[in-house]
Amino acid sequence: MPKRRHQQPPVVLAIAGYDPSSGAGITADVKTIAANGCYGVTCITALTVQSTRGVKHVEAIEGRIITETLEELAVDLQIAAVKVGMLGSAEAAWAVAAFLKRHRLENVVVDPVLKSSSGADLLSQQALEILRSKILRQATVITPNIVEAAVLSGMSVEASEQMEAAALKLLKLGARSVVITGGHLATPVDLVLVPRREPVLLQGEKIATHSTHGTGCAFSSAMACALAGGKSVIDAARTAKRFVESALRKAPSLGTGSGPVI
Ligand code: PLP
């Protein structure tokens, strides 16, 4: 009997760290991808020991396992978009850079995760160099927050006025477009910069909640889904912003620390 074919959801590959509390990291990515109508497949770059109270420990995954996982998925599935989050070690960053170069996949969203909001380092110094020199140039879009944008651009980004200059500098590192998320600013605003287009400012509103753990992961995964669905970078950023704002409003108040956004 022929197999019945249902309409297939776009497959979105999340490459990121594992947060056992599912606030951030790969399990949060899968929740976000499912909520945005796509099918999430994953490759874990690092294990972390953490909860809503913060990150206690980070353990890198061997590069060989990362490469094997990514190759297995790429051979089997048609990947419509990729989200790259926490890389952790230089070995993981190398494996991911080489995979992206070999496969030249479309719709690659790179969230340059550097630290957790509790202050733990989620990227080694060597891995940062690989991210800067090998991974950003393979991104359709990068989605740093203002702290990450400042580190990557070497400029101070403390207010919305400085976002455009930093985004221009980040384009020079090779990313095809940039979204700087400014959700932590007093007046929240994101800046989207696509070459040869006027920068677009997406105004947001401050939502009073302690459940902010994983907002960056949710934003970048939602953006990958919107790109997989054929949206432009600017429209995908708008969609992802709406998704995160709605998640923040509905966030369950879990745990004793910074609760999960979704
Ligand atoms: N843990 C993992 C595995 C992550 O991927 C990230 C962010 O991407 C974090 C922690 C940090 O999340 P937060 O900034 O909400 O602490």
Side-chain angles (χ1 to χ4, degrees), residues 12-33 40 42-61 65-66 69 82-89 91-93 95-96 108-124 127-128 131 135-136 139 141-152 179-185 188 190 207 209-225 240-241 243-245 247-248 251-262:
V12 174
L13 167 62
I15 305 173
Y18 173 62
D19 163 5
S21 68
S22 295
I26 211 109
T27 44
D29 291 335
V30 171
K31 285 189 283 180
T32 301
I33 293 166
T42 61
C43 175
I44 299 182
T45 53
L47 300 176
T48 70
V49 176
Q50 67 175 301
S51 66
T52 65
R53 300 185 302 164
V55 177
K56 304 285 169 347
H57 184 77
V58 175
E59 193 77 26
I61 299 286
I65 301 287
I66 294 170
T69 302
V82 184
K83 169 253 159 85
V84 179
M86 173 187 172
L87 291 163
S89 67
E91 198 175 316
V96 172
V108 177
V109 180
V110 177
D111 181 15
V113 175
L114 304 179
K115 272 183 191 289
S116 72
S117 26
S118 56
D121 280 326
L122 300 180
L123 193 72
S124 72
L128 174 62
L131 174 72
I135 295 181
L136 295 187
V141 59
I142 61 172
T143 61
N145 61 27
I146 50 172
V147 176
E148 293 156 353
V151 171
L152 291 169
V179 181
I180 300 182
T181 57
H184 292 93
L185 293 168
D190 295 352
I207 297 161
T209 175
H210 291 295
S211 301
T212 54
H213 181 40
T215 44
C217 298
F219 183 85
S220 51
S221 293
M223 228 189 133
C225 293
K241 188 172 179 62
F243 176 78
V244 172
E245 283 182 350
L248 281 166
S253 231
L254 295 174
T256 51
S258 170
V261 66
I262 175 173

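As the structure lists them, so they are numbered: ligands from 1, and atoms in each ligand from 1.
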Enquirer: Suppose we measure from atom 8 (O) of ligand 1 to each protein heavy atom; which comes out shortest, and what is that distance?
Expert: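 Its nearest protein heavy-atom neighbour is Cys217 SG, 3.0 Å.
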Enquirer: Could you establish whether Gly85 and ligand 1 come within less than 4.0 Å of each other, counting only heavy atoms on the residue side?
Expert: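 So Gly85 does not count as touching ligand 1.
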Enquirer: Side-chain contact test, heavy atoms from C-beta onward, threshold under 4.5 Å: evaluate it for Val151 versus Leu128 and give yes or no.
Expert: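 Side-chain contact under 4.5 Å: yes.
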Enquirer: I want to check something: taking the side chain as every heavy atom from C-beta on, are Tyr18 and Thr42 in contact at a cut-off of under 4.5 Å?
Expert: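 A side-chain contact under 4.5 Å is absent here.
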Enquirer: Nearest non-hydrogen atom to atom 3 (C) of ligand 1 belongs to which of Ser21, Ala120, Ala16, Gly17?
Expert: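 Minimum heavy-atom distance to atom 3 (C) of ligand 1 goes to Gly17.
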Enquirer: Would you say Asp111 has any N or O atom under 3.5 Å from an N or O of ligand 1, going by distance alone?
Expert: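 Such a contact does not occur with ligand 1.
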Enquirer: Note the single closest protein heavy atom to atom 13 (P) of ligand 1, along with its residue, its atom name and the distance in Å.
Expert: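 Ranking protein heavy atoms by distance from atom 13 (P) of ligand 1, first comes Ser117 OG, 3.2 Å.
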Enquirer: Report yes if some heavy atom in the side chain of Asp111 is under 4.5 Å from a heavy atom in the side chain of Glu148; otherwise report no.
Expert: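 Contact flag for Asp111/Glu148 side chains = yes.
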Enquirer: Out of all atoms in ligand 1, which are within 4.0 Å of some heavy atom of Gly25? Include the element for each.
Expert: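 Within the 4.0 Å cut-off of Gly25, ligand 1 contributes 3 (C), 4 (C), 5 (O).
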Enquirer: Testing the basics here: between Ile26 and Cys43, what is the closest heavy-atom pair and its distance to 0.1 Å?
Expert: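 Taking Ile26 first and Cys43 second, the nearest heavy atoms are CD1-O, 3.4 Å.
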Enquirer: Kindly identify the option in Ser258, Ala24, Gly214 whose heavy atom sits closest to atom 15 (O) of ligand 1.
Expert: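 It is Gly214 that holds the nearest heavy atom.
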Enquirer: For atom 1 (N) of ligand 1, what is the nearest protein heavy atom, given as residue, atom name and distance?
Expert: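 Checking every protein heavy atom, the shortest distance to atom 1 (N) of ligand 1 gives Gln50 NE2, 2.7 Å.
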Enquirer: What are the atoms of ligand 1, with element, lying closer than 4.0 Å to any heavy atom of His213?
Expert: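 Numbered from 1, ligand 1 contributes 12 (O), 13 (P), 15 (O), 16 (O).
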Enquirer: Please state which part of Leu122 comes within less than 4.0 Å of ligand 1, counting heavy atoms only: side chain, backbone, both or neither.
Expert: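 Leu122 to ligand 1: side-chain contact only, backbone stays beyond 4.0 Å.
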Enquirer: Can you check side-chain contact (heavy atoms from CB on, under 4.5 Å) on Ser118 and Gln50, steps first, answer last?
Expert: CA-CA 10 Å; Ser118 56; Gln50 67 175 301; over 6 Å; no
Enquirer: Thr143 side chain to Val179 main-chain N or O, any donor-acceptor pair under 3.5 Å?
Expert: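 No; judged by distance alone, with no hydrogens or angles, the pair does not exist.
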Enquirer: Apply side-chain contact (heavy atoms from CB on, under 4.5 Å) to Met86 and Thr48, showing your working.
Expert: CA-CA 11 Å; Met86 173 187 172; Thr48 70; 4.0 Å; yes
